[in-house]
Number of protein chains: 2
Amino acid sequence: MTKRLTTIKDIARELGISVATVSRAMRDTYDVSAETRRLVLDTAGKMNYRPNFNATGLVKSGTHKIAVVIPAITNYYFSTVITGIQEYALEKNYQVMLYLTNDSAYWETKVVRELSLSSVDGLLACITCETVDFSHFEELLEADMPLVFFDRVPHSIKTSMVVQDDYTGACVATEHLISQGYSKIAHLAGPYGLNLTQQRRQGYIDTLKKHNLESYGIIHSGFSDENGREDVSTLFQSDPKPDAIFSVNDRKAIGAILWLREHHIAVGNEVGIIGFTNDPTSKIISPSLSTIAEPAYEIGRTSCEILIKHIQKQTYPTQEISLPTELIVRESTRRE
Amino acid sequence: MTKRLTTIKDIARELGISVATVSRAMRDTYDVSAETRRLVLDTAGKMNYRPNFNATGLVKSGTHKIAVVIPAITNYYFSTVITGIQEYALEKNYQVMLYLTNDSAYWETKVVRELSLSSVDGLLACITCETVDFSHFEELLEADMPLVFFDRVPHSIKTSMVVQDDYTGACVATEHLISQGYSKIAHLAGPYGLNLTQQRRQGYIDTLKKHNLESYGIIHSGFSDENGREDVSTLFQSDPKPDAIFSVNDRKAIGAILWLREHHIAVGNEVGIIGFTNDPTSKIISPSLSTIAEPAYEIGRTSCEILIKHIQKQTYPTQEISLPTELIVRESTRRE
DNA sequence: AATAGTAGCGAGAACGTTATCGAAACTAGA
DNA sequence: TCTAGTTTCGATAACGTTCTCGCTACTATT
């Protein structure tokens with residue numbers, strides 16, 4: 001960037017008017033005649049003028065940028081959420097800065113702490129599996145930084161958040177398994193501490209109780225297909241064995257299917273499996289995976305929408321939004 | 001952001017010294033005693049000081065930000081590339097701004113044009129399938145904006161770019177099919193105009209010629225599994241039918257497998273299929289998909305590395321880097 | 001003891017923009 | 001013709017940094 005860019009000073013000199021007038025003409029105008037306005041806009045175009053965001057940000061103390069802090073983007077859910085965020089932000093003329101925490105609490109606090117308050121107008125965050133201390137987020141709130149959480153939300157912080165309806169989704173999933181004739185149902189749960197693993201687990205437990213069924217095991221672990229593989233293997237090494245599995249997400253369910261397939265256990269007929277997410281691979285795997293579809297794109301859009309409302313109006317009230325999920329039936333929960 | 005943040009003025013007033021000294025003490029120091037430096041750093045920590053990037057950016061005319069312009073992030077390759085970019089950028093204390101073009105040339109030019117030169121130090125781009133006019137990129141180069149392309153690169157612009165070795169990868173893929181005993185090989189190609197579809201297609205053509213084989217059809221279309229589905233269906237409606245397929249990417253290959261499976265054609269035994277990417281679903285689908293693995297993460301890292309070198313040294317020479325690929329053999333190219 | 005050199009610091013301009021205040025020029029009312 | 005009001009604009013001070021000078025006080029050299 002050695003070449004000097006054209007500034008409003010250059011335009012002012014070119015036209016023989018003051019910088020103040022040029023500045024006024026640029027924005028939605030008052031106090032400036034239609035003619036000079038047109039003149040300014042024309043020469044600005046000719047001189048290829050671009051506003052200097054550092055300068056405007058300095059004086060208005062607001063950059064049109066929002067930060068997104070997220071564990072990863074290499075899976076369907078997160079990448080779709082980000083797509084939703086991005087699209088809404090661009091519509092509203094905000095730019096998004098991306099920070100990957102790699103599901104490490106250390107990186108999360110580091111990133112959030114070093115996130116200079118002056119460089120973004122607000123923050124959209126999805127916490128890691130490990131995060132137990134939220135002081136880095138609380139510091140931001142104390143400095144009046146708008147902050148909204150999505151998907152993985154902390155229990156203790158009072159700010160806006162948007163999630164899918166995890167509890168009802170889990171209820172629907174277990175209900176579906178039961179209605180298909182499965183009765184010995186186990187649950188592949190998510191990592192401890194996360195709100196969504198609690199919700200989905202509780203939905204599972206409550207609908208079992210409602211039908212006077214008992215759980216055939218709950219195993220907590222990470223979100224990967226490898227985790228699902230391991231967990232289903234320990235589940236099937238002990239007696240009595242389950243005849244159905246509700247998995248906290250699709251990736252673990254897919255790991256489970258892979259393991260069962262290798263051990264010649266017929267998925268669907270012998271043991272039913274349902275996941276959560278509606279990852280595209282869930283309809284590619286065979287047998288295809290029944291699942292609870294999450295509105296990932298909408299979660300991205302609405303959380304961004306709420307954040308921008310908070311940014312534009314400090315008094316905007318804290319909101320907790322829960323978006324509906326949808327049952328998608330495929331082969332993995334079908335008997336013959 | 002109503003609450004006023006602490007500035008170096010506040011620190012200066014607190015300590016009874018000048019802002020200049022505080023500013024010097026903050027950075028890697030010269031002209032400041034060890035004691036005042038320690039003092040400044042201490043009170044800066046106590047007062048929770050964060051540098052104002054707008055101010056530093058304004059005077060140094062450099063934000064520590066880079067922009068990434070990419071068609072989408074909802075697939076394995078792109079999301080992994082971004083992860084690589086992100087990690088290297090964070091190591092070097094750069095922040096990344098994300099712009100999704102949704103594979104639309106209109107959005108690409110819009111985003112790139114409106115990208116204020118003052119808001120980022122450099123640009124990392126992967127063009128859309130549609131892009132034929134590159135003037136929006138050329139304008140940036142004329143303004144001395146560092147710019148490096150990755151994966152999908154334009155043919156006509158003289159700037160740094162990093163790609164995988166598409167040509168050799170395609171050669172290895174077709175070579176593998178031939179060595180497995182397939183001889184009637186078709187190619188599911190990418191969209192016209194893209195450099196990588198040309199390279200992979202040429203690798204396919206050249207190794208066929210080398211073995212005195214003729215092509216059993218080349219069909220150009222998009223990158224989705226739906227495209228693969230459609231193309232393989234038209235391929236198998238006309239005679240003579242191929243006994244193997246080299247697909248420009250894994251998603252199309254997966255679409256092809258799905259179609260063949262539905263039509264009871266044995267993938268592997270009857271017709272061999274090989275893809276390109278090493279998408280995780282390629283080992284989940286059954287039969288599992290042989291493929292050419294792309295170094296997505298490394299492409300992200302090295303393109304970011306080169307961009308930052310360009311940013312830090314205007315005279316850094318233009319580079320064209322080609323990273324090696326790797327053949328991964330699975331079930332889809334195995335005969336009994 | 002006189003001079004030169006250096007370490008440490010302060011004053012003030014600059015970066016590009018917006019905001020405040022007031023000045024000119026014009027219009028309208030009497 | 002004078003006054004009051006309005007429209008359009010210019011000067012100038014901010015915003016929070018960095019950077020260029022230059023000044024002081026101390027150390028080293030002769």
Side-chain angles (χ1 to χ4, degrees), chain A residues 1-41 43-44 47-65 93 116-121 143, chain B residues 1-41 43-44 47-65 93 116-121 143:
Chain A
M1 293 283 52
T2 92
K3 204 173 283 187
R4 235 180 53 78
L5 306 168
T6 63
T7 73
I8 60 171
K9 281 186 190 171
D10 300 323
I11 299 175
R13 198 179 319 113
E14 180 77 15
L15 259 49
I17 60 179
S18 78
V19 288
T21 309
V22 177
S23 171
R24 274 186 291 243
M26 293 308 236
R27 295 165 283 164
D28 265 351
T29 177
Y30 66 108
D31 256 20
V32 63
S33 74
E35 198 196 3
T36 49
R37 183 172 147 75
R38 197 189 44 75
L39 220 60
V40 166
L41 258 37
T43 57
M47 299 175 73
N48 197 25
Y49 167 79
R50 298 293 152 86
N52 185 315
F53 288 166
N54 286 322
T56 63
L58 186 54
V59 41
K60 305 220 296 188
S61 74
T63 64
H64 254 221
K65 298 179 180 48
N93 249 294
S116 172
L117 300 184
S118 59
S119 66
V120 297
D121 290 350
Chain B
M1 295 278 54
T2 93
K3 206 172 282 187
R4 236 182 53 78
L5 306 168
T6 63
T7 73
I8 59 171
K9 282 186 189 172
D10 299 324
I11 300 175
R13 200 178 321 113
E14 181 77 14
L15 259 50
I17 59 180
S18 77
V19 288
T21 309
V22 177
S23 171
R24 274 186 293 242
M26 293 309 236
R27 296 164 284 164
D28 266 350
T29 178
Y30 65 108
D31 256 20
V32 62
S33 75
E35 199 197 0
T36 50
R37 183 173 148 74
R38 198 187 45 75
L39 220 60
V40 166
L41 257 37
T43 58
M47 299 176 73
N48 197 25
Y49 168 78
R50 298 294 150 84
N52 185 316
F53 287 167
N54 286 321
T56 62
L58 184 54
V59 42
K60 304 222 295 189
S61 75
T63 64
H64 254 221
K65 299 180 180 46
N93 248 292
S116 171
L117 301 184
S118 60
S119 65
V120 297
D121 289 352

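All values derive from a computational prediction rather than experimental measurement. Quick note on labels: first sequence line is chain A, next is B, and so on, each numbered from 1.
When the P atom of D:dT17 is taken as reference, atom CG of A:Asn52 falls 16 Å away, rounded to whole Å. With rounding to whole Å, B:Asp10 atom CG is found 13 Å from D:dT17 atom C1'. Between the CG atom of A:Asn54 and the C1' atom of C:dT18 there is a distance of 15 Å, rounded to whole Å. In this structure, B:Leu58 places its CG atom 13 Å from C1' of D:dA14, rounding to the nearest Å. Following rounding to the nearest Å, B:Met47 (CE) and D:dG16 (P) show an atom-to-atom distance of 13 Å. Atoms CG (B:Leu15) and P (C:dG8) sit 17 Å apart, rounded to a whole Å. Between the CG atom of B:Asp31 and the P atom of D:dT20 there is a distance of 12 Å, given to the nearest Å. Taking atom NZ of residue B:Lys9 and atom P of nucleotide C:dG10, one finds them 16 Å apart after rounding to whole Å.
Between A:Glu14 and A:Thr6, the closest side-chain pair of non-hydrogen atoms is not below 4.5 Å. Contact annotation: the side chain of B:Thr36 never approaches that of B:Leu15 to less than 4.5 Å [non-hydrogen atoms, C-beta and beyond]. When side chains are defined from C-beta on, B:Val22 does not count as touching B:Lys9, because their heavy atoms never get closer than 4.5 Å. Under the 4.5 Å side-chain criterion, counting only non-hydrogen atoms from C-beta, B:Val40 is in contact with B:Ile17. Under the 4.5 Å side-chain criterion, counting only non-hydrogen atoms from C-beta, B:Val32 is in contact with B:Thr21.
Comparing atom distances between the A:Ser18 side chain and each of D:dG16, C:dT17, D:dG10 picks out D:dG10 as nearest. Residue B:Arg24 has its side chain nearest to D:dC21 when only D:dG16, D:dT18, D:dC21 are considered. Closest approach to the A:Ala20 side chain among C:dT17, D:dA11, D:dC9 is made by D:dA11 (side chain taken as heavy atoms from C-beta onward). In the set C:dC9, C:dT18, D:dG10, the nucleotide with an atom closest to the side chain of A:Ile17 is D:dG10. Out of D:dT18, D:dT8, C:dG8, the shortest distance to the side chain of B:Lys60 is found at D:dT18. When distances are taken from the side chain of A:Ile8 to each of D:dT18, D:dC9, C:dT17, the shortest belongs to C:dT17.
Taking the nucleotide of DNA chain C with the nearest heavy atom to each of B:Gly16 and A:Tyr49, the more 5' of the two is matched to B:Gly16. When each of B:Ala34 and B:Val59 is assigned the nucleotide of DNA chain C with its nearest heavy atom, B:Ala34 is the one assigned upstream, toward the 5' end.
Below the 3.5 angstrom threshold, one finds no donor paired with an acceptor across the side chain of A:Arg50 and the base of C:dG16.
Between A:Ser33 and D:dC9 there is a side-chain polar atom (N or O) within less than 4.0 angstrom of OP1 or OP2. Under 4.0 angstrom from either OP1 or OP2 of D:dT18 there lies at least one side-chain N or O belonging to B:Ser23. Listed pair A:Thr56 / C:dT18 fails the phosphate criterion, with no side-chain N or O lying under 4.0 Å from OP1 or OP2. Here A:Thr7 does not reach the OP1 or OP2 of C:dG16: none of its side-chain N or O atoms lies under 4.0 Å away. Residue B:Thr36 places at least one side-chain N or O under 4.0 Å from the OP1 or OP2 atom of C:dC9. OP1 and OP2 of C:dT17 both lie 4.0 Å or more from every side-chain N or O belonging to A:Arg27.
Distance check: B:Tyr49 OH to B:Asp10 CG gives 10.0 Å after rounding to the nearest 0.5 Å.
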